[in-house]
Amino acid sequence: MDMELIQRPFGIYEKAIKPQEWEKMFADASSAGYQNYEISLDESDARLARLHWDDKQYEEVRRAARNQNIRILSACFSGHRRFPLGSSSRELEERGIRMMREGIDFCQNLGVRMLQVAGYDAFYEPRSHETAARYRENILRCLEWAEQAGVMLAIEPVEVNLVKVSDTLRLVKEADSPWLQIYPDVANMKSLGIDPVTELPQGRGHIANVHVRDSLPDYFYGVPLGAGNMDFIGVFKALDAMEYRGPLTIEMWNETEDNYLDIIRCARTFMMDKIRCARCSDRKS
């Protein structure tokens, strides 16, 4: 198959866009060339309140997305930073489990196919073999609810616990379910000194989405595209070699930037140029 004919379905993370009415945010994403929008369920009270939307609120968002020809393909569930699945506090652990069920219901009600969950067992507290074991146990428990709802859980390797694609793959293979897969972030790995070009192929057949952004050592957020050390051409060549056809999501934080629209337009152009360079180099070789 001619890879040039394959159009990458590009998504944009919610925090790359200035907070406004839903229709305006979706219109901005569409006008910048994105097909998918990744909604945020972060640890703030305001975004966690989305887990308790009523039917009217769900319909408002669905209608706005339809009007702008945008798909809400995934939800980024970082609320487990505050309420981790592996917490040593029984109260926090139970809240995290309850939130996971609410997050699955949120995706089902909104029509979101994929709930991206983080690989950390604990975030603001000490980690141990016990916190890692609780995380594993609770992910497998929550997976049963996801299977019943038809919502995919996609684990993102992060700074602690599950830090590599290969680490995450062990849990995915243990679960042996199409509803538990991997959502790698190439910058997370690169910032930890893990080469995403060699690590991504470890997850072949189990990667549901990919976060793409730039990176610097031990610096996890907000590196401007082109200012870091990410080998984007190598990443896109690796994905093509894996015959990965799934979505790519650009993760950025531009909520306070007046020129956010220019930034996300340039980001898509930047990524498309890197993809073209990767494919041109493959043909020449």
Side-chain angles (χ1 to χ4, degrees), residues 6-79 99-117 145-146 148-154 156 179 181 183 185 207-213 245-257 259-269 271-272:
I6 299 172
Q7 297 298 314
R8 286 288 187 192
F10 261 100
I12 190 71
Y13 182 44
E14 177 177 348
K15 294 184 182 182
I17 296 174
K18 181 180 178 180
Q20 300 161 86
E21 294 181 355
W22 289 107
E23 186 117 12
K24 180 64 169 70
M25 290 192 290
F26 295 150
D28 285 343
S30 183
S31 70
Y34 295 92
Q35 297 83 39
N36 302 327
Y37 182 96
E38 183 164 86
I39 196 166
S40 173
L41 297 170
D42 68 16
E43 59 187 312
S44 68
D45 289 338
R47 287 197 168 105
L48 288 180
R50 295 173 176 180
L51 297 175
H52 306 288
W53 275 352
D54 57 28
D55 291 343
K56 182 179 179 181
Q57 289 169 299
Y58 282 120
E59 179 53 30
E60 175 191 355
V61 178
R62 287 195 299 263
R63 184 185 307 111
R66 286 195 303 270
N67 289 346
Q68 300 302 326
N69 197 30
I70 282 288
R71 298 181 301 172
I72 309 175
L73 188 62
S74 55
C76 180
F77 197 9
S78 53
M99 281 171 47
M100 182 74 93
R101 185 154 201 168
E102 291 168 347
I104 291 167
D105 289 343
F106 172 89
C107 289
Q108 188 177 46
N109 292 334
L110 192 57
V112 175
R113 303 174 188 177
M114 185 186 312
L115 184 63
Q116 182 234 310
V117 295
W145 301 329
Q148 293 166 12
V151 172
M152 180 185 292
L153 300 184
E156 181 184 42
W179 301 101
Q181 301 297 337
Y183 191 148
D185 182 317
I207 292 179
N209 203 331
V210 181
H211 268 159
V212 287
R213 55 192 177 92
R245 305 289 188 264
L248 301 169
T249 301
I250 297 177
E251 189 177 30
M252 307 181 83
W253 294 266
N254 306 318
E255 292 179 296
T256 61
E257 302 294 335
N259 64 333
Y260 69 93
L261 193 51
D262 290 334
I263 294 173
I264 65 172
R265 282 178 177 148
C266 290
R268 188 181 182 283
T269 299
M271 294 299 179
M272 291 303 298

Evaluate Asn67 against Phe26 for side chain to side chain contact (heavy atoms under 4.5 Å, CB included), listing each step before the verdict.
CA-CA 9 Å; Asn67 289 346; Phe26 295 150; over 6 Å; no
Which pair of non-hydrogen atoms, one from [X] and one from [Y], has the smallest distance, and what is that distance?
X: Met25; Y: Pro19; value: SD-CA, 4.0 Å
X: Ala29; Y: Ile70; value: CB-CD1, 4.1 Å
X: Pro247; Y: Asn36; value: CB-ND2, 3.9 Å
X: Ile12; Y: Ile17; value: CG2-CD1, 4.1 Å
X: Pro9; Y: Arg71; value: CB-NH2, 3.9 Å
X: Ser74; Y: Glu38; value: OG-OE2, 2.6 Å

Atom pair [atom1]/[atom2] of [X] and [Y] - distance to nearest 0.5 Å:
X: Ile72; Y: Arg66; atom1: CD1; atom2: CZ; value: 10.0 Å
X: Cys76; Y: Glu156; atom1: SG; atom2: CD; value: 6.5 Å
X: Ile39; Y: Leu73; atom1: CD1; atom2: CG; value: 12.5 Å
X: Glu251; Y: Asp185; atom1: CD; atom2: CG; value: 5.5 Å
X: Glu21; Y: Glu60; atom1: CD; atom2: CD; value: 8.0 Å
X: Ile263; Y: Ile250; atom1: CD1; atom2: CD1; value: 12.0 Å

With side chain to side chain contact (heavy atoms under 4.5 Å, CB included) as the test, would you mind laying out the steps for Tyr37 and Gln68 before giving the verdict?
CA-CA 11 Å; Tyr37 182 96; Gln68 300 302 326; over 6 Å; no
Which residues pass the ring pair (Phe, Tyr, Trp, His ring centres under 6.0 Å) test with Tyr183, not counting sequence neighbours?
His211
Ring pair (Phe, Tyr, Trp, His ring centres under 6.0 Å) with Phe106: which residues, sequence neighbours excluded?
Trp53, Tyr58
Step-by-step side chain to side chain contact (heavy atoms under 4.5 Å, CB included) determination, Phe77 to Met99
CA-CA 10 Å; Phe77 197 9; Met99 281 171 47; 3.9 Å; yes
Quick one, [X] and [Y] - any side-chain contact, counting heavy atoms below 4.5 Å?
X: Trp145; Y: Asp105; answer: no
X: Leu110; Y: Arg62; answer: yes
X: Gln35; Y: Phe10; answer: yes
X: Trp22; Y: Arg63; answer: no
X: Ile104; Y: Leu115; answer: yes

Under 6.0 Å from the CZ atom of Arg113, do we count more than 12 heavy atoms belonging to anything else shown?
no
Got a sec: does the CG of Asp55 have more than 12 other heavy atoms crowding it under 6.0 Å?
no
Presence of salt bridge, Asp28 and Lys24, under 4.0 angstrom
yes
Charged N-O contact under 4.0 Å between Glu59 and Lys56
no
Exercise answer: donor-acceptor pairs, residues 41-52 side-chain atoms, under 3.5 Å, sequence neighbours excluded:
residue, atom, partner, partner atom, Å
Asp42, OD1, Ser44, N, 3.0
Asp42, OD1, Ser44, OG, 2.6
Asp42, OD2, Lys15, NZ, 2.7
Asp42, OD2, Arg47, NH1, 3.1
Glu43, OE1, Tyr124, OH, 3.0
Glu43, OE2, Tyr124, OH, 3.1
Ser44, OG, Arg47, N, 3.3
Asp45, OD1, Arg82, NH1, 2.9
Arg47, NH2, Glu14, OE2, 3.4
Arg47, NH2, Glu255, OE2, 2.9
Arg50, NH1, Glu14, OE1, 2.9
Arg50, NH1, Glu14, OE2, 3.3
Arg50, NH1, Ser40, O, 2.9
Arg50, NH2, Glu14, OE2, 2.8

Any luck finding a side-chain donor-acceptor pair between Ser30 and Asn69 under 3.5 Å?
no
Apply side chain to side chain contact (heavy atoms under 4.5 Å, CB included) to Gln116 and Asn209, showing your working.
CA-CA 9 Å; Gln116 182 234 310; Asn209 203 331; over 6 Å; no
